[in-house]
There are 2 protein chains.
Amino acid sequence: MRLQISQLSKETGVSIHTLRYYEKEGILPPVKRNEKGIRIYDTDDIEWIKFARCLRQTGMGIAEMKQFAQLVIQGEETKQERIRLLRQQNRRIKAQIEQLMSYTEVINHKIELYSLEEE
Amino acid sequence: MRLQISQLSKETGVSIHTLRYYEKEGILPPVKRNEKGIRIYDTDDIEWIKFARCLRQTGMGIAEMKQFAQLVIQGEETKQERIRLLRQQNRRIKAQIEQLMSYTEVINHKIELYSLEEE
DNA sequence: CTAACAGCTAGAGCGCACTCTATGTCAAGG
DNA sequence: CCTTGACATAGAGTGCGCTCTAGCTGTTAG
């Protein structure tokens with residue numbers, strides 16, 4: 001698959017502005033260009049964007065995503081470090097989920113209180 | 001319980017600045033003052049701060065928290081509306097949890113891929 | 001030919017939720 | 001007395017993650 005930026009934007013739900021911003025920030029390896037200087041995203045780029053969004057939406061910051069991207073660019077020998085970062089991210093997600101579950105109980109408790117007060 | 005701002009800050013983990021900011025924004029009903037103009041938070045205030053943090057940390061925005069606070073101030077007749085808002089918040093939390101769970105799977109999948117490539 | 005459109009860059013601007021600064025008052029301790 | 005420290009206010013500043021603008025090039029359709 002080879003997409004231009006607007007198609008990729010539709011495909012991923014990431015705005016054109018953000019796609020260029022991610023590249024500028026080094027979150028995306030420099031994307032190949034055609035002879036006109038237009039970005040052509042290949043399958044790997046597309047997969048990486050989707051994965052990057054997954055990291056982002058689970059609360060990873062831009063700086064850490066950049067760090068991860070740099071590791072990918074550096075190649076094979078950084079695999080262990082990448083696994084370490086991903087495991088850390090999963091631990092954070094786990095903590096988030098647990099926090100959310102406890103908060104949802106607090107809110108449920110409040111709803112019950114309100115309902116009981118109703119006389 | 002009657003606390004001054006620095007004690008409340010320690011009690012709740014919310015910074016002094018943020019406590020005053022919340023009050024200014026109307027997220028906190030105007031706090032009683034002593035004769036010197038110093039804020040004295042009572043048990044209700046303390047509970048409300050803790051609950052507000054719960055809303056905040058589950059992704060409710062400042063504007064909606066303010067709306068909720070205004071309903072509390074308006075009193076009994078807004079109870080149904082408050083319940084509605086809290087149920088909505090719980091639905092959002094549920095969606096967040098589901099999203100996080102699916103993303104954690106994606107990340108796990110990536111970790112496995114990395115581990116397999118290892119030869 | 002020209003207008004509409006898609007892309008490009010550099011850099012400015014924005015919204016949110018804080019967070020901090022400047023300046024001042026008041027009470028207690030050395 | 002005077003410094004220290006907790007509190008107060010109004011308003012400025014910050015960091016993050018976008019998001020948009022200005023001004024440009026090149027392609028395509030009428």
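Residue numbering restarts at 1 for every chain, and letters A, B, ... go by the order of the sequence lines.
A/Glu23 has a carboxylate O that lies under 4.0 Å from a charged side-chain N of A/Arg33, or vice versa, which qualifies the two as a salt bridge. Between A/Asp45 and A/Arg39 there is no salt bridge, since none of the side-chain N atoms of the basic residue sits less than 4.0 Å from a carboxylate O of the acidic one.
Heavy atoms from other residues, nucleotides or ligands lying under 6.0 Å from NZ of B/Lys10 number 12 at most. No more than 12 heavy atoms of other residues, nucleotides or ligands shown are found within 6.0 angstrom of NZ on B/Lys94.
You can see that DNA chain D meets the heavy atoms of chain A within a 4.0 Å-exclusive cut from D/dG17 to D/dT27, reading 5' to 3'.
A donor and an acceptor atom, one from each side chain of A/Gln88 and A/Arg91, are nowhere located under 3.5 Å apart. Using modelled atom types, one finds no donor on one side chain facing an acceptor on the other under 3.5 Å when comparing A/Tyr103 with B/Arg56.
Comparing A/Tyr21 and A/Lys36 by the nucleotide of DNA chain D whose heavy atom lies nearest to each, the residue mapping closer to the 5' end is A/Tyr21.
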Please produce a list of atom pairs where a protein N or O lies less than 3.5 Å from an N or O of nucleotides 4-7 of chain C.
| from | atom 1 | to | atom 2 | distance (Å) |
| --- | --- | --- | --- | --- |
| C/dG7 | OP1 | A/Gln4 | NE2 | 3.3 |
| C/dG7 | OP1 | A/Ser6 | N | 3.3 |
| C/dG7 | OP1 | A/Ser6 | OG | 2.8 |
| C/dG7 | OP2 | A/Ser6 | OG | 3.3 |

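A/Glu23 places its CD atom 11 Å from the C1' atom of C/dC8, with the value rounded to the nearest Å.
Listed pair B/Tyr22 / C/dA17 fails the phosphate criterion, with no side-chain N or O lying under 4.0 Å from OP1 or OP2.
Residue B/Ser9 forms a side-chain contact (heavy atoms from CB on, under 4.5 Å) with just one option from B/Ile49, B/Leu19, B/Thr18, and that option is B/Leu19.
A/Arg2 forms no cation-pi arrangement with A/Tyr41, by the criterion of a distance under 6.0 Å to the ring centre and an angle within 45° of the ring axis.
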